[in-house]
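First up is the structure itself, then whatever we jot down about it.
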Amino acid sequence: MDNLKGFHRSGYCGIWRSAHIGQEVSVCGWVQRQRNLGGLIFVDLRDRSGLLQLAFDEDTAKEIFEKAATLRSEYVIAARGILRERESKNPELPTGDLELNVLELRLLARSETPPFEIVENSDVNDMLRLQYRYLDLRRPDMQKAIATRHKITKIARDYFDEQGFYEIETPMLTKSTPEGARDYLVPSRVHPGKFYALPQSPQQYKQLLMLSGFDRYMQITRCFRDEDLRADRQPEFTQIDLEMSFVNEEDVMLVQEGFLSRVFFEVLNVEVNAPFRRMTWREAMDRFGSDKPDLRFGFELCDISDLVKDCGFGVFSGPIAAGGTVRLINLNGHAADFPRKKIDKLADFAKTYRAKGVAWARLLDGKVTSSYQKFLSDEENAAIMERANAKDGDLILIVGDEKEEIVFAALGALRCECAKQLDLLKPNDFQFLWVTEFPMFEFSEEEDRYVAMHHPFTAPMDEDVEKLETDKKGCRAKAYDIVLNGTELGGGSIRINTPEMQETMFRALGFTYDDAMARFGHLIKAFEYGAPPHGGLAYGLDRLCMLMAGADSIRDVIAFPKVQNASEPMTQCPAEVEIKQLDELKLSLQGS
RNA sequence: GGCUCGGUAGUUCAGUUGGUUAGAACGCUGGCCUGUCACGCCAGAGGUCGAGGGUUCAAGUCCCUUCCGAGUCGCCA
């Protein structure tokens, strides 16, 4: 085995072009592939910049040629030589016009045959990829995704610095606040029986920093939530966390539009149109059945409750009588794409969102066929088609339920599913949207009370302050989400900044004074010392990277992600610990 | 916790109504080869069919249990 003594790399493999022909250069990397033609050997050398072909021929010294013959995939080597023009060029490679005529070859490390090939777009089982994540990360698409992530965080730091934000770190060991997601708990050796919690977000700290007068804060920080995973949810994830003083909603949104415009232009060369569209939460639900609508396509929702409330068809009239709603989407022009079998599949799909079923109507060649026609009068049938603005070739899907959130969830998901099946979701079409005026509260059936939809420090809208204690359902918050193509990229709010309002809020949430003091006493006390009006926002950095890298899962933009059961296949954590460690912490396991 | 889909060679997959010795491609090993670049040609090795149990003359295939993964609903202030 050789070493690097006296060897100095002159540059990455992928940077050399025709202009460098004749230069002596030194490169290092991994053997992508060795092609031995007998009296002639080619080696593709790979590093993070790309590939360079090394050539060994009759002019090559015998011992170097023999060493080249022993090279296998993923061996680590260093080579020095003269760049020369290739006899036959490879237009597929940026370095395809040249090759390195090797004068010196050093073998730095051998490699076992990897469990999968180190190539772009390899179609390998996720579990295996994650067990050998260090090899998976060698693949060019993963290298590119991680590099994209670096660029995004670099631009975030630069941009927010230019806008006057300080990057300030907040603790990882914090106090558990049972409101919201489950916390990861950390036991304390010096405080037996007491626990830290890993932060779900730096929310309270960043508000205190505003109170301390830092005016603008940012942090790219890890957050932790002990909940079930999804393609876009990991138990630890990264936020770009921001807070600003003396601002209203517009001020916050303006700064974010500047950031997103810049990051999309500098990373993807995409010009996004700021200011972004704005839509109230209510409008988003009414038109798209979702608080994070994908605006790349239509198929908007349409309320027909008033048309069918007295009809003889219980599937429609029943939910309305029970205080619910009946709504439809029109898949304009796509009736022919959804034969009966596919509609049945869509109905099954809708049932996963707790819809009881999907009624449908199809207008083809001037003829209407529908699943409910015979139960309604001609006038009622016609009124529905008219309300849906149905034209020839249209397909209408109808969902009714006594709970409007089920109708919204089912139709909102159906319109996305249909768009997906119709291939209408163009990955390079970036449709940003601010969703504003979120409800202050939502009813938690589990807790049988209203809880804060965002968090209990969110300010109510000025015109809804009186509703805090009288009309919780109708009370809206100064909260906003930034949505991109159906993904919630980030969310934030203007915060409460007076102890009087905070007290009112806790009362509205049903906390006693003692409850509130026990959980948030530090914040309540702090707010007695002059908190500026402030607000902010936090991005899910992983989701932003996922959308910008064109990935399907945030796992593809996280170097070492976890799998669905929240474990990590490579290190196999979480893992058992020694009894001695538990004893030190004064912990014991149930049943042991 | 629920639902759907999946687990066969190192990898990606095929495997018919249950029926001879479980196949292909790529990869790997050995040999040949002076312009390849998905090099080519020849030869070869490689399988607890996720695990356990059952039905059967016979199970990769059918049944039960279980483990693991993916997606999703619940959950995620």
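The analysis underlying the following values was restricted to heavy atoms, covering all of them including side chains, and did not include hydrogens, waters or symmetry mates. Each chain gets a letter, A, B and so on, in the order its sequence line appears, and its residues count up from 1.
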Would you indicate which nucleotide in [options] comes nearest to any side-chain atom of [X]?
X: A/Glu99; options: B/U12, B/A70, B/G35; result: B/G35
X: A/Glu227; options: B/G35, B/U11, B/C76; result: B/C76
X: A/Asn125; options: B/U12, B/G10, B/C68; result: B/U12
X: A/Arg72; options: B/U29, B/C28, B/U36; result: B/U29

Look through every strand shown and name the nucleotide pairing with [N] as Watson-Crick or G-U wobble, where both distances are under 3.5 Å.
N: B/A70; answer: B/U4
N: B/A58; answer: none
N: B/U12; answer: B/A24
N: B/G30; answer: B/C42
N: B/C37; answer: none

Could you check how far [atom1] of [X] sits from [atom2] of [N], rounded to whole Å?
X: A/Ile118; N: B/G27; atom1: CD1; atom2: P; value: 14 Å
X: A/Tyr184; N: B/C76; atom1: OH; atom2: P; value: 15 Å
X: A/Leu128; N: B/G50; atom1: CG; atom2: C1'; value: 14 Å
X: A/Lys562; N: B/C68; atom1: NZ; atom2: P; value: 18 Å
X: A/Asn101; N: B/G35; atom1: CG; atom2: C1'; value: 13 Å
X: A/Leu40; N: B/U36; atom1: CG; atom2: P; value: 9 Å
X: A/Asp348; N: B/C3; atom1: CG; atom2: C1'; value: 11 Å
X: A/Glu442; N: B/C75; atom1: CD; atom2: C1'; value: 11 Å

Pairwise [atom1] distance, [M] and [N] [rounded to whole Å]:
N: B/G60; M: B/U66; atom1: P; value: 23 Å
N: B/C13; M: B/C3; atom1: P; value: 26 Å
N: B/A45; M: B/G27; atom1: C1'; value: 13 Å
N: B/A9; M: B/G35; atom1: C1'; value: 35 Å
N: B/G10; M: B/G47; atom1: C1'; value: 11 Å
N: B/G50; M: B/U12; atom1: P; value: 14 Å
N: B/G54; M: B/U61; atom1: P; value: 14 Å
N: B/A59; M: B/G15; atom1: C1'; value: 14 Å

Looking at residues at least two apart in the chain, or sitting in another chain, which of them share a side chain to side chain donor-acceptor pair (under 3.5 Å) with A/Gln219?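 Once residues adjacent in sequence are excluded, the partners of A/Gln219 under the side chain to side chain donor-acceptor pair (under 3.5 Å) criterion are A/Thr170, A/Tyr217.
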
Non-neighbouring partners of A/Arg46 that pass side chain to side chain donor-acceptor pair (under 3.5 Å), sequence neighbours left out: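 A/Gln32, A/Glu74.
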
Can you pull out every side-chain hydrogen bond (donor to acceptor under 3.5 Å, both in side chains) where at least one residue sits in residues 536-547 of chain A? Sequence neighbours excluded, please.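 Passing the test, one end in residues 536-547 of chain A: A/Arg149-A/Asp542, A/Gln256-A/Tyr539.
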
Salt bridge (Lys or Arg N to Asp or Glu O under 4.0 Å) partners of [X], counting only residues at least two apart:
X: A/Arg354; value: none
X: A/Asp136; value: A/Arg129, A/Arg133, A/Arg139
X: A/Glu437; value: A/Arg476
X: A/Arg48; value: none

Counting primed atoms plus P, OP1 and OP2 as sugar-phosphate and everything else as base, spell out the protein contacts along nucleotides 37-49 of chain B at 4.0 Å heavy-atom distance: B, S or - for each nucleotide, 5' to 3'. B-B----------

With a non-hydrogen cut-off below 4.0 angstrom, is [X] in contact with a base, only sugar-phosphate, or nothing?
X: A/Arg449; answer: nothing
X: A/Asn565; answer: sugar-phosphate
X: A/Ile41; answer: nothing
X: A/Asp123; answer: sugar-phosphate

Considering only heavy atoms and no angle criterion, is a donor-acceptor pair shorter than 3.5 Å present between the side chain of A/Glu117 and the base of B/U11?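 No, the side chain and the base share no sub-3.5 Å donor-acceptor pair.
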
Nearest 0.5 Å please: distance from the CZ atom of A/Arg222 over to the CG atom of A/Leu541.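 Between atom CZ of A/Arg222 and atom CG of A/Leu541 there are 9.5 Å.
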
Does any non-hydrogen side-chain atom of A/Lys342 lie less than 4.5 Å from one of A/Pro339?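 Touching, per the 4.5 Å side-chain cut-off.
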
Do A/Val563 and A/Pro569 have side chains that get closer than 4.5 Å, going by heavy atoms?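 Yes, their side chains come closer than 4.5 Å.
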
Can you pull out the residues from residues 506-527 of chain A that lie within a 4.0 Å heavy-atom distance of RNA chain B?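 Residues of residues 506-527 of chain A under 4.0 Å from RNA chain B: none.
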
Produce the list of close N/O pairs, under 3.5 Å, pairing protein atoms with atoms of nucleotides 71-74 of chain B; give distances to one decimal.
residue : atom : partner  : partner atom : Å
B/G71   : OP1  : A/Arg555 : NH1          : 3.2
B/G71   : OP1  : A/Arg555 : NH2          : 3.2
B/G71   : N7   : A/Gln564 : NE2          : 3.4
B/U72   : OP2  : A/Ala231 : N            : 3.3
B/U72   : O4   : A/Gln564 : NE2          : 2.8
B/C73   : OP2  : A/Arg230 : NE           : 3.3
B/C73   : N4   : A/Arg230 : NH2          : 3.4
B/G74   : N7   : A/Arg230 : NH2          : 2.9
B/G74   : O6   : A/Asp228 : OD2          : 3.4
B/G74   : O6   : A/Arg230 : NH1          : 3.1
B/G74   : O6   : A/Arg230 : NH2          : 3.0
B/G74   : N1   : A/Asp228 : OD2          : 2.8

Contact nearer the 5' end of RNA chain B, comparing A/Met127 with A/Glu446: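 Per heavy-atom nearest nucleotide, the more 5' residue is A/Met127.
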
For the base of B/U11 and the side-chain ring of A/Phe116, does the geometry meet a stacking cutoff of under 5.5 Å between centres and under 30° between planes?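 No, aromatic ring not over the base.
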
Verify the neighbour count for atom [atom1] of [X]: are there more than 12 heavy atoms of other residues, nucleotides or ligands below 6.0 Å?
X: A/Arg449; atom1: CZ; value: yes
X: A/Lys89; atom1: NZ; value: yes
X: A/Lys292; atom1: NZ; value: no

Show me the donor-acceptor pairs, under 3.5 Å and distance only, between side chains in residues 481-488 of chain A and residues at least two apart or in other chains.
residue  : atom : partner  : partner atom : Å
A/Asn485 : OD1  : A/Gln431 : N            : 2.9
A/Asn485 : ND2  : A/Asp429 : O            : 2.7

Going by the rule ring-ring contact (aromatic ring centres under 6.0 Å, His included), which residues pair with A/Phe520 if we only count those two or more places apart in sequence or in a different chain?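 A/Phe520 satisfies ring-ring contact (aromatic ring centres under 6.0 Å, His included) with A/Phe457, A/Phe506 only.
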
